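Below is one structure, written out as structure tokens, with a few remarks after it.
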Amino acid sequence: MSLVDESFELKELQVLEGHADRVWSVAWKPATGFDGVPAVLASCSGDKTVRVWEQSPSSGSFQCKAVLEETHTRTVRSCAWSPSGKLLATASFDATTAVWEHVGDDYECVSTLEGHENEVKSISWNASGSLLATCGRDKSVWIWEVLPGNEFECVSVLQGHTQDVKMVQWHPNMDILFSCSYDNTIKVWAEDGDDDWHCVQTLAEANNGHTSTVWALSFNATGDKMATCSDDLTLKIWGSDLLTIQSGNGSAPWKHICTLSGYHDRTIFSVHWSREGIIASGAADDAIRLFAEDGDGLVDEPKYHLLLKKDKAHDMDVNSVQWSSAGNRLLASASDDGTIKIWELISLAGDQKPPL
Amino acid sequence: MTLGLINANPVVHAKKERVARPLDDPHADDAVDPLEIYDYVRDIRDPEHPYSLEQLSVLSEESITVDEKLGRILITFTPTIQHCSMATVIGLCLREKLKDCFPAHFKVDIKVAPGSHADEEAVNKQLNDKERVAAALENPNLRQLVTECLYSSEL
């Protein structure tokens with residue numbers, strides 16, 4: 001499929017209402033949405049709850065199947081499913097991370113991770129589900145080991161960022177951790193062996209880095225490229241040598257590849273790279289934008305172009321955009337307007353124009 | 001909270017005379033009028049002194065600019081002193097007071113007047129980080145202080 005020659009439309013399939021406050025994040029449950037398994041999505045909100053939505057096989061519409069409440073005492077800022085989909089971790093401004101398990105028809109909180117001094121902002125599971133990372137306003141990144149019986153043990157507290165850490169994300173196939181912060185940098189953390197984690201690289205302004213808060217980062221499917229988005233109104237693409245990453249020995253340095261500027265005029269809160277290579281961004285101008293790599297760019301200097309801009313995707317800021325990994329070209333978005341929207345990326349025949 | 005006032009001797013000004021605005025303006029609901037916004041915020045009490053932001057010249061009519069086309073509101077305020085540590089609290093008060101005052105798609109940016117604060121860039125960054133603002137307003141102590149600043153004139 002060529003992303004260069006075709007034109008696309010982002011079709012709004014459904015608006016999910018129910019949260020009583022802004023929705024901060026959404027997360028698709030792994031291994032759902034194909035082969036007859038209904039797609040499942042989790043969302044979390046300033047209303048202190050998490051909602052789980054499931055797509056009905058007959059009608060195709062999403063319904064709220066569960067409300068996870070009375071656990072967090074403040075905003076729930078982000079949520080992440082374990083790779084197997086058995087557990088859902090939620091990060092809250094109440095300084096805790098809760099881990100939930102699907103039990104029968106409901107979700108039960110099976111563990112609460114404490115330790116951060118104040119708001120926890122992001123959680124990420126590594127590819128094998130053996131490690132969990134959290135980060136927060138206390139400038140630290142915590143790594144937890146997942147033990148049998150839903151036990152979690154903190155194996156490292158990483159200091160290094162000089163300000164609020166906004167997001168953590170594990171590399172898609174290696175146990176390398178990435179974090180991005182209000183201090184305008186992205187940090188790469190790796191293990192020396194024996195739980196000795198340290199920062200192996202910092203991507204700062206001097207490395208063609210961002211000049212304001214970095215809100216999110218996302219990897220491409222092969223894990224050799226990363227997109228970051230910022231309050232500085234740009235998206236940056238970074239690359240590393242795949243073979244070096246995979247060899248595991250020595251650091252695989254990340255280098256700036258390209259900066260997408262002039263496309264956003266307000267803070268970009270979220271960026272997500274689909275398995276097909278489409279980069280979605282969600283911003284404070286209420287719009288969703290999609291970018292793809294140019295077909296004729298040089299291997300060493302790939303270029304990216306705007307595929308489409310969905311103006312007024314929501315009535316207020318878009319806080320999160322997430323592609324489903326099910327290959328169904330579904331995109332979920334979360335907004336300050338209290339709703340989640342499900343979109344489908346439709347490709348139009350070459351000579352068709354999208355309807356106005 | 002620091003002991004002792006940051007600025008023990010603020011300069012207090014008289015309140016500017018209020019102009020009565022016509023109630024029968026047919027476009028009253030559509031337009032976002034900077035003077036209307038000013039009316040909402042001028043009486044917010046300063047976090048440290050028993051005077052309004054207007055009386056302390058922290059805010060004036062010129063503090064508010066509106067770009068209707070883009071849907072943007074910019075509020076520029078002048079802390080009473082260069083090292084004011086209450087600047088972020090004033091920012092919180094402004095956002096909280098204005099939260100339901102105009103159409104949802106309007107974006108509000110709050111800044112300190114250029115040159116009016118020693119850490120201008122750092123303060124502006126914090127004032128406009130939506131996540132930091134949201135978390136601050138969930139902090140009971142800050143919430144309490146903001147409530148006092150917003151509603152003390154009604155108590």
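The shown structure was predicted, so the numbers you read here are calculated from the model rather than taken from an experiment. Atom set for the values below is all heavy atoms of this structure, side chains included, hydrogens, waters and symmetry mates excluded. Residue numbers begin at 1 in each chain, while the letters A, B, ... track the order of the sequences.
The cationic atom of R289(A) (NZ for Lys, CZ for Arg) does not lie both less than 6.0 Å from the six-membered ring centre of Y263(A) and within 45° of the ring axis.
Y151(B) places none of its side-chain heavy atoms less than 4.5 Å from the side chain of R45(B).
Between the side chains of N184(A) and K125(B), at least one donor-acceptor pair of N or O atoms lies under 3.5 Å.
For chain B, no part of N118(A) is nearby; none of its heavy atoms comes within less than 4.5 Å. For a residue to count as touching a neighbouring chain, one of its non-hydrogen atoms must lie under 4.5 Å from one of that chain's; by this rule Y182(A) touches chain B with backbone and side chain alike. For E121(B), no part lies under 4.5 angstrom from a heavy atom of chain A. Using a 4.5 Å cut-off between heavy atoms, A122(B) touches chain A through its backbone atoms (N, CA, C, O) alone. Both the backbone and the side chain of D317(A) have a heavy atom closer than 4.5 Å to some heavy atom of chain B.
Other residues, nucleotides and ligands contribute more than 12 heavy atoms inside 6.0 Å of the NZ atom of K310(A).
Between K166(A) and E131(B) a salt bridge is recorded (basic side-chain N to carboxylate O distance below 4.0 Å).
Of the listed residues R137(A), M316(A), K121(A), K312(A), the one with more heavy-atom pairs under 4.5 angstrom with chain B than any other is K121(A).
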